[in-house]
Amino acid sequence: MINTGDTAWLLISAAMVMFMTPGLALFYGGMVRRKNLLSTIMMSFVCLGLVTVLWMTYGYSIGFAPSTSGFFGGLGFVALRGVGQEPSAVYASTTPHLAFMVFQGMFAIITVALFTGAVVERIKFSALLLFAALWLTFIYSPVAHWVWGEGGWLLEFGALDFAGGAVVHINAGFTALALVLLLGKRKGFPAEAMLPNSIPLVVIGTAILWFGWFGFNAGSALGSNGLAASAFTATHLSAATAAVTWMFLSWRHNRPTVLGTATGAVAGLVAITPAAGFVPPIAAIPIGIGVSVIGFYSMLLLKERLGFDDSLDVFAVHGMGGIFGALATGIFASTAVNPAGADGLMYAGFGLFFKQAVSVLAVGAFAFFGSLVLGKLVDMTVGLRVGSVEETVGLDLSQHAERAYGGSIR
Amino acid sequence: MINTGDTAWLLISAAMVMFMTPGLALFYGGMVRRKNLLSTIMMSFVCLGLVTVLWMTYGYSIGFAPSTSGFFGGLGFVALRGVGQEPSAVYASTTPHLAFMVFQGMFAIITVALFTGAVVERIKFSALLLFAALWLTFIYSPVAHWVWGEGGWLLEFGALDFAGGAVVHINAGFTALALVLLLGKRKGFPAEAMLPNSIPLVVIGTAILWFGWFGFNAGSALGSNGLAASAFTATHLSAATAAVTWMFLSWRHNRPTVLGTATGAVAGLVAITPAAGFVPPIAAIPIGIGVSVIGFYSMLLLKERLGFDDSLDVFAVHGMGGIFGALATGIFASTAVNPAGADGLMYAGFGLFFKQAVSVLAVGAFAFFGSLVLGKLVDMTVGLRVGSVEETVGLDLSQHAERAYGGSIR
Amino acid sequence: MINTGDTAWLLISAAMVMFMTPGLALFYGGMVRRKNLLSTIMMSFVCLGLVTVLWMTYGYSIGFAPSTSGFFGGLGFVALRGVGQEPSAVYASTTPHLAFMVFQGMFAIITVALFTGAVVERIKFSALLLFAALWLTFIYSPVAHWVWGEGGWLLEFGALDFAGGAVVHINAGFTALALVLLLGKRKGFPAEAMLPNSIPLVVIGTAILWFGWFGFNAGSALGSNGLAASAFTATHLSAATAAVTWMFLSWRHNRPTVLGTATGAVAGLVAITPAAGFVPPIAAIPIGIGVSVIGFYSMLLLKERLGFDDSLDVFAVHGMGGIFGALATGIFASTAVNPAGADGLMYAGFGLFFKQAVSVLAVGAFAFFGSLVLGKLVDMTVGLRVGSVEETVGLDLSQHAERAYGGSIR
Amino acid sequence: MKKVEAIIREEKLRAVIGGLEENGYFGLTITEVSGRGRQKGLTLQGRAREYKVDLLPKVKVEVVVMDSDVPLIINTIARLSRTGEIGDGKIFIIPVEDAVRIRTGEVGVNTI
Amino acid sequence: MKKVEAIIREEKLRAVIGGLEENGYFGLTITEVSGRGRQKGLTLQGRAREYKVDLLPKVKVEVVVMDSDVPLIINTIARLSRTGEIGDGKIFIIPVEDAVRIRTGEVGVNTI
Amino acid sequence: MKKVEAIIREEKLRAVIGGLEENGYFGLTITEVSGRGRQKGLTLQGRAREYKVDLLPKVKVEVVVMDSDVPLIINTIARLSRTGEIGDGKIFIIPVEDAVRIRTGEVGVNTI
Ligand SMILES: Nc1ncnc2c1ncn2[C@@H]1O[C@H](COP(=O)(O)OP(=O)(O)O)[C@@H](O)[C@H]1O
Ligand SMILES: Nc1ncnc2c1ncn2[C@@H]1O[C@H](COP(=O)(O)OP(=O)(O)O)[C@@H](O)[C@H]1O
Ligand SMILES: Nc1ncnc2c1ncn2[C@@H]1O[C@H](COP(=O)(O)OP(=O)(O)O)[C@@H](O)[C@H]1O
């Protein structure tokens, strides 16, 4: 039966998660060079359009319709058939099925937007569109089914993913890895300094992401209850701890930067995502510290040492952060917090931790190899990368025939 | 009796609709030339102040107090007398009357702000203030009464307007038309290129509008229930479809622009507004496609062919979008979705469609002629248009003695 | 027992109040010179990290744990012990205790961020961090206990503070005063014009603040009910009235500025904060007018006449606004609105007004002298002020080794 | 060679560029500047305080050309950027002793 | 005629403009520039990486005047923009061969 | 003295500054400009309308040096900013009659 409080919480959560995608657009947009600002924004923003349409026509069905394989859902929910104002039989039993469907759709949107950060400043817009559509169909929707769908194999197996550590972050992180391998470095990397065009824009984006993440994590309780409050608290504390940790790390290396603090906050939000509704809120402190240390040094290693040009460090923040969060869930989870969860290393044996590791591997490998294949396909058809002159001129002009600040002469 | 879930949903919806007005300020502000940036922002922002005060002192009463004429409400609710913490006898029976009143107030605010987009870059600020006050009193409040007020004639007649296709968008669109006729073109139009000063600002505005629109449309269910979820879904799907459609249209003409995609999203939100709680969510796909095609070509026709200088295309987006949405409601509405609604062309005869057409005509004509009269009046008293030098220097300096980026030399 | 509607409202309110702090960062950031833009943003943003961690480890306990002294709470809630998914025994009985704790935490964060506005453009970042930590511990948490904690002496005494007129605004205002005394004027003040680097950023910040303030004030009803709706309405009306009033005042002196209108809105929100859930909504009109008149002329007096360099006028807006709001609560409060409140001057004798005056004095004096002592301590250890060259170069480069617009040459 | 340095109204830039193009001059450099001449000043306002501001946005167009082209350039720019109102701007002629095309390393008149 | 091109600190701009005005010089053009001289460099930091940055914001003031006015202009600017600390800036004198007032088409010394 | 005025690609700025530094030239002034030369134009698009845009962002580097240093400066800038593709930019040499160091009031060649 529909509970109005739970429904209000799920609807506002869906709206907040929707808001995160343009937030991400600004977060990413602020970090590139000005000539690619709009193009970077567009790569996230267009997902709000494209992914929504695909999700409601068939993506949700692949993800959540009943099936027996455990690998992808059936066609029962195509074009929202059977998805109505009444609660679903299996998901979120106190809210309209439509609310659950749209909430899930917002996750699909932002996951696609997330990996674009790795390929900005050089991917062809048409290639991105095509890849996004294929990826949603063949990677995201199945993985969502594995982890959250009725009968999904990872769900059955007992892996825990409260709000998308695997489905969203590991998935996006390994996709980023694959795409960077296919695309190669940006022209001029690493010789030329590529400073962020607007850190205030990054801050606006971070603010929206942090705000929206309460819907993402606490909304995943699918009800307005103690568990939601617990997930909410853990989310906030992890973001805060990680922000401060990253700030001090950047201070150790030079100065406490705004960009570092914002990045830390996002990393903290990533890591707590799979854990939020399974761990006691105070566990967010070690999780927040851990993810910033891991993220900061992964970034240094990948970008500075290995010269791996993941433009906006999607793998370091979301891939590594997601892995760490999934494993941390295997450490700190407690059935005292969520009886529907399990006990982690701290309270029981290696059981859960092992399952978490399996889910990391399964999702990571599937996303990585799947994306390699899809990316190669796109490369062979429309071509992945813009021409050299287009890259120099910038993607705003060459892909979108627009300039961010049109009134200005430059 | 007050239901806490419904009340939570209505309150947060009111907050979200409030947030839309500064969102609109940024959306519009990004599209003008830098010298008019603040002035454009101010025209929307000031409505939050001015309209709120007028609404709570008497506007709400004209709109919603019981009356017998069907054309405007009585004075029963002046200065919030009789509007208290208990539910109203007629509106939103599970939430405090004050919540309903303030939710409605947010609609009044943004409607006034909407039409300013047509007159930016040349209207005198004092004239705008005066016109806004008159318009709220003599046009908006009565029209709200017709459509939503107890005993309003269009309500009685059976026209459907879920969240303001007629009250908000057609109303604002035709007002824009009238004001442009009175004001004339901007100096230099169409010879000089008038490029948007900041598309990132437009994106921030669009993001806030899209987010807030969930409150606008799903909040209009006045409860946290299946209907709200349905309206929420339809809203999101229409915005998404229209964004993608407009993107492809701009691509056909040159490149897929960010500005076009954002405009499409807004157009999609406009068209679904009257329909959201009456049509099955999947109907948002044809509605989203339709509104972008209509909006895009209306804009080309009006601005390029006819040289009609509606600065930010308020009529093409809100006027035409609102008309299309109202008529589409007459096509796709279904009592299976909302028993309090009616069946459209798809499920029954022309009855509803005809009523929708009547409401379009009535509201459009009233707004247009009413605004002509009020605008003329303002012109004859304080004068509508700034002087030629003031227009050249820009309204930021001449009307507000401010510069957007004060630290800069320019 | 947990009520889902109340919980949804409290959680979303907490998220909205969280959102206010980056909103404030942008509001303040837009007003300084470009060379200090990031540094100003950082001073607010870092509070999200630092204060959260301290609050959850011990601040909440000092503020809200049961005690007998009436001056500070015990250690019962340290590290969130005893703060769980069930409602607390004393606070917010229909929502999870964690929700109440995190909601209160958001208030602590923004209060610290508020006073930074007085010291931007010249305080050392390390000094700010240290001072913030000390201040949260020795000033904010105790004052929260006095006013809102079980057994707090001002609560027992009968002073009313619905959402933080004393705890937040007077507290921050007097702290600002003390810090300005210790720090002295900015280099070049008042000879050099220090124009805001970006008024659009100020508007974005104001928009977020206004939106979030509904959570701040109406969320303080701790439930989704008639009182919340009443507080919501009063909040909106006060902001609107004050915005319009300040606009007309700035018009009287020259032109109706956007900066003035935004400042007025914030002042209106400040003044209604202590009153929102005690006064009839319509009382927001005199409150809104009053606070703008007082704020505007305080600002002129302090800055222009007395040459007191409170960079962003924290004392004039929050200190004076908070005092006015607290006293106005003593005038307009009515038990017809909130039976848990009291009757003010308008309906009864001087009793409440006197109590309000006492709370103003107590909190103001404690914040002022306490901050003087703590600030002096910080000055003697790490030093409060940056060097002269660092100040000239700007705090973005000297404290954070970053530039707001890194892609640009300047 | 000479550098023709014209300070004109922003809104005239398109026309001026077009006019130069029609006459076969493609190379030019544009800078956003702010200027003051005979145009009356304005007063800006802070939160409560006023500031006099008398600089208005202009655009500087620089074209380096052969000496013999100077009159035509002046003529073209002046004609296309004139409104007749105060604030139309100025053109200055500055000597240029040499020019280099970076791409090829060529020097002298044929590089411009 | 000469173009006096001064590169000064941003915060001194108001004073310099005021000083020129007092001496009767109204016309001038301002550009936002970035410069480096003897001032020590700084190090910027990206997400995890460092960049050396040694350019600091300055303002360029250009005033075209008659030859005889040059010493007074130099004097005024130098006096009003001096702090005595490194980074005060430079003034360069550049020859101007001709000037045109766009509004009227006049040429020569009386246009400036 | 001469002013070497180079209009180069943004992404070459760091290299050019570095190269000048290596040769002992520290003082310089940078301006963000927009330019057009032989580089092909582009078309921008508004909401529904198209605009031709042929200006691309460039950076202007100004270095005032003694006459004898000019060849080395030209050489350094040209070498470090060359890509060989159209749009590499130009260098112009402009006479400077005098220079003043504001901080000390010194004039002449030893100030630069
Ligand atoms: N003496 C000067 N030196 C440098 N720039 C000048 C000078 N006089 C005018 N300018 C520039 O020319 C612009 C227009 O000059 P103004 O005097 O307003 O035009 P008009 O020639 O129509 O009187 C100014 O904004 C300024 O940038
Ligand atoms: N040789 C030069 N060529 C061009 N601009 C210069 C030169 N030397 C200095 N500048 C400009 O002057 C500004 C101030 O110079 P700086 O050497 O720091 O001052 P100071 O004269 O006090 O030592 C620099 O930021 C730069 O813009
Ligand atoms: N005649 C000129 N006058 C002023 N600036 C010029 C001139 N020609 C070129 N420029 C500047 O030089 C830049 C590069 O010129 P371009 O012709 O594209 O390079 P290339 O020398 O490789 O053909 C242009 O963007 C413009 O700023």
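In the text below, chain A, chain B and the rest are named by the order of the sequence lines, each starting its count at 1.
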Which of the residues [options] is involved in the greatest number of heavy-atom pairs with chain B at under 4.5 angstrom?
options: I2(A), V46(A), V102(A); result: V102(A)
options: S224(A), P96(A), A15(A); result: A15(A)
options: L80(A), T7(A), L11(A); result: L11(A)
options: V53(A), V51(A), T21(A); result: V53(A)
options: H97(A), M101(A), M106(A); result: M106(A)

Contact between [X] and [Y] at the side-chain level, heavy atoms closer than 4.5 Å - yes or no?
X: V258(B); Y: F45(A); value: no
X: H400(A); Y: T261(B); value: no
X: Y405(A); Y: L195(B); value: no

Checking heavy atoms, do the side chain of [X], its backbone, both or neither come under 4.5 Å from chain A?
X: N3(B); result: side chain
X: F211(B); result: both
X: S13(B); result: neither
X: L227(B); result: both
X: L237(B); result: both

Check your understanding: In Å and rounded to the nearest 0.5 Å, what is the CG to CZ distance from D396(A) to R255(B)?
Key ->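 Interatomic distance, D396(A) CG to R255(B) CZ, rounded to 0.5 Å: 12.0 Å.
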Point to revise | T95(A) OG1 to N225(B) CG distance, which is reported to the nearest 0.5 Å | key: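 If we round to the nearest 0.5 Å, T95(A):OG1 and N225(B):CG are 12.0 Å apart.
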For a quick test of reading the model, state the closest non-hydrogen atom pair linking [X] to [Y] and the distance between them.
X: S230(B); Y: L98(A); value: CA-CD1, 3.7 Å
X: P200(B); Y: L38(A); value: CD-CD2, 4.1 Å
X: T4(A); Y: G5(B); value: OG1-CA, 3.3 Å
X: I199(B); Y: E402(A); value: CD1-OE2, 3.5 Å
X: F232(B); Y: A14(A); value: CZ-CB, 3.6 Å

Can you say whether [X] sits under 4.5 Å from chain B via the side chain, the backbone, both, or neither, judging by heavy atoms?
X: L201(A); value: side chain
X: M16(A); value: both
X: I41(A); value: side chain
X: T57(A); value: side chain
X: L37(A); value: side chain
X: L129(A); value: side chain
X: Q399(A); value: backbone
X: L48(A); value: both

Check your understanding: Should the ring pair W251(B) and F125(A) be called parallel, tilted or perpendicular, given that the plane angle runs from 0 to 90° and is split at 30 and 60?
Key ->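 Answer is tilted, since the angle falls between 30° and 60°.
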**Study point:** Heavy-atom donor-acceptor pair, Q85(A) side chain to V337(B) backbone, under 3.5 Å
**Key:**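 Checked: pair present.
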Check your understanding: If you count heavy-atom pairs under 4.5 Å with chain A, which of A240(B), G223(B), G30(B) comes out on top?
Key ->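 Ranked by heavy-atom pairs under 4.5 Å with chain A, first place is A240(B).
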